[in-house]
Number of protein chains: 2
Amino acid sequence: MDRFKDVLKASNLKSTHQRLAILDCIDMFGHIDVDTLYEAILRKYPTMSKATLYRNINDLISFHILEEVKLPNQKQQYEIKKVPHIHLLCTHCGCVEDVFVETKTLLDAVKDKSGFTISNSFIVMNGTCELCSSQVISNNTQNTCSLEMQTL
Amino acid sequence: MDRFKDVLKASNLKSTHQRLAILDCIDMFGHIDVDTLYEAILRKYPTMSKATLYRNINDLISFHILEEVKLPNQKQQYEIKKVPHIHLLCTHCGCVEDVFVETKTLLDAVKDKSGFTISNSFIVMNGTCELCSSQVISNNTQNTCSLEMQTL
DNA sequence: AATAAATAGGATAATTAATATCTTATTAAG
DNA sequence: CTTAATAAGATATTAATTATCCTATTTATT
């Protein structure tokens, strides 16, 4: 069940309920900002302090367990660190999708042109997701592609 | 001299000294965060209020004259809006370079795989710039590739 | 299981960042 | 030069983030 226990242990971090809740919740949402995360966690742990949330997010990032996701015109979001991938932000419904596509060709081109040694890339694309495209979206209708959290 | 006067006029925005200073300064630095920008502008306009800076940054963004630049592990930066390009962040000296490389192939691949209609892409790469690569950088030595502002 | 050391959590205060409000000043058009 | 529109500055307010300090929990060891 608690695969994140092992992840924490590997970094010599204690498996507190709060940390596991944070990780499970982020994992479930895929991508989430601090406030939404806090709200969601409060339902399960009404006593969790916001300081604890901020502290843990920062700690988990410094141990490379979490990763920040910076999206244009959006609050900072976080995700479980995984293999490199591209983020797609639907500007209609706000959902964020991951897509795994080969980027080596682009990185090589950039390297050649700039002289930079590239170690990492962060790619975000704006657009319209398949669901939103398939519907005629009225001005005040919004899809909600993002998961609701069922159980923590 | 003041090419930004025309830019402002085109959006029916008044050419105040403050706005021109903000635009000139961002243009000179290329990429800059709010605090550095404020500091730099204070040298020329010691009376400029921070509220004015924030207000103008937001206004200029909404008129697509400025654009936010989100870099990993960095404070939010801003640049003059230009044609789409890739940002390279040197993790040694902190400098940010623009590089103009064809991305259509990647966008098409992402589109095919995801079903998203892509309207915009934001690409940042981390790495080591040419100057830093060419030097043996000791732990506490940092290049300063970023411009110092000479005249505003 | 009980104990103890290390570490993390919670509450709160403090700091920092960003925005809103209101009055005065500046811009730009006539 | 005058005037209407808009922007600036000062300040207050709100929001976001971090620091501090004391208590609680975890985990290794007996």
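Note that this is a predicted model, so its numbers are computed, not measured. Sequence lines set the chain letters: A, B, ... in the order given, protein chains first and strands last, and positions in each chain run from 1.
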Trainee: Please say yes or no: joined through hydrophobic side-chain contacts below 4.5 Å, possibly via intermediate residues, are A:Phe122 and B:Phe122 part of one cluster?
Mentor: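 Different hydrophobic clusters.
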Trainee: Touch check for B:Asn58, heavy atoms < 4.0 angstrom, all strands: base, sugar-phosphate only, or nothing?
Mentor: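 B:Asn58: backbone/sugar contact only, no base atoms under 4.0 Å.
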Trainee: Salt-bridged, B:Asp24 to B:Arg19, with N to O below 4.0 Å?
Mentor: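 No salt bridge links B:Asp24 with B:Arg19.
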Trainee: Chain B on DNA chain D: first and last contacting nucleotide, 5' to 3', under 4.0 Å to a heavy atom?
Mentor: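 Listing 5' to 3', DNA chain D meets chain B from D:dA5 to D:dT11.
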Trainee: Report the distance from atom CG of B:Leu8 to atom C1' of C:dT27, rounded to the nearest whole Å.
Mentor: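 After rounding, the gap between these two atoms is 12 Å.
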Trainee: Nearest whole angstrom, please: distance from the C1' of C:dA20 to the CD1 of B:Ile57.
Mentor: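 Taking CD1 of B:Ile57 and C1' of C:dA20, I get 17 Å after rounding.
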Trainee: Could you list the residues that satisfy ring-ring contact (aromatic ring centres under 6.0 Å, His included) with A:His85, not counting sequence neighbours?
Mentor: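 In terms of ring-ring contact (aromatic ring centres under 6.0 Å, His included), with neighbours along the sequence ignored, A:His85 is linked to A:His87, A:Phe100.
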Trainee: Are B:Asp35 and B:Lys50 ion-paired here, with the side-chain N under 4.0 Å from a carboxylate O?
Mentor: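 Salt bridge: yes.
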Trainee: Could you measure the distance from the CG atom of A:Leu60 to the CG atom of A:Asn56? Nearest 0.5 Å is fine.
Mentor: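 A:Leu60 atom CG to A:Asn56 atom CG measures 5.5 Å (nearest 0.5 Å).
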Trainee: Detail all sub-3.5 Å separations between protein N/O atoms and N/O atoms belonging to nucleotides 28-30 of chain C.
Mentor:
residue: C:dA28; atom: OP1; partner: B:Ser15; partner atom: N; Å: 2.9

Trainee: Does either side chain, that of A:Gln76 or that of A:Glu68, offer a donor lying less than 3.5 Å from an acceptor on the other one?
Mentor: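 Their side chains do contain a donor-acceptor pair, which is all the 3.5 Å distance test asks for.
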Trainee: The helix from C:dA1-D:dT30 to C:dG30-D:dC1: angle between its terminal axes, five pairs each, to 10°?
Mentor: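 Nearest ten degrees gives 40° for this helix.
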Trainee: Provide the full list of side chain to side chain donor-acceptor pair (under 3.5 Å) pairs with a residue in residues 108-120 of chain A, sequence neighbours left out, each pair given once.
Mentor: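 Qualifying pairs: A:Lys104-A:Asp108.
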Trainee: Where do N or O atoms of nucleotides 11-17 of chain C meet protein N or O atoms at under 3.5 Å, pair by pair?
Mentor:
none

Trainee: State plainly whether one hydrophobic cluster holds both A:Tyr54 and A:Phe63, where clusters connect Ile, Leu, Val, Met, Phe, Trp and Tyr through side-chain heavy atoms under 4.5 angstrom apart.
Mentor: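 Hydrophobic grouping puts A:Tyr54 with A:Phe63.
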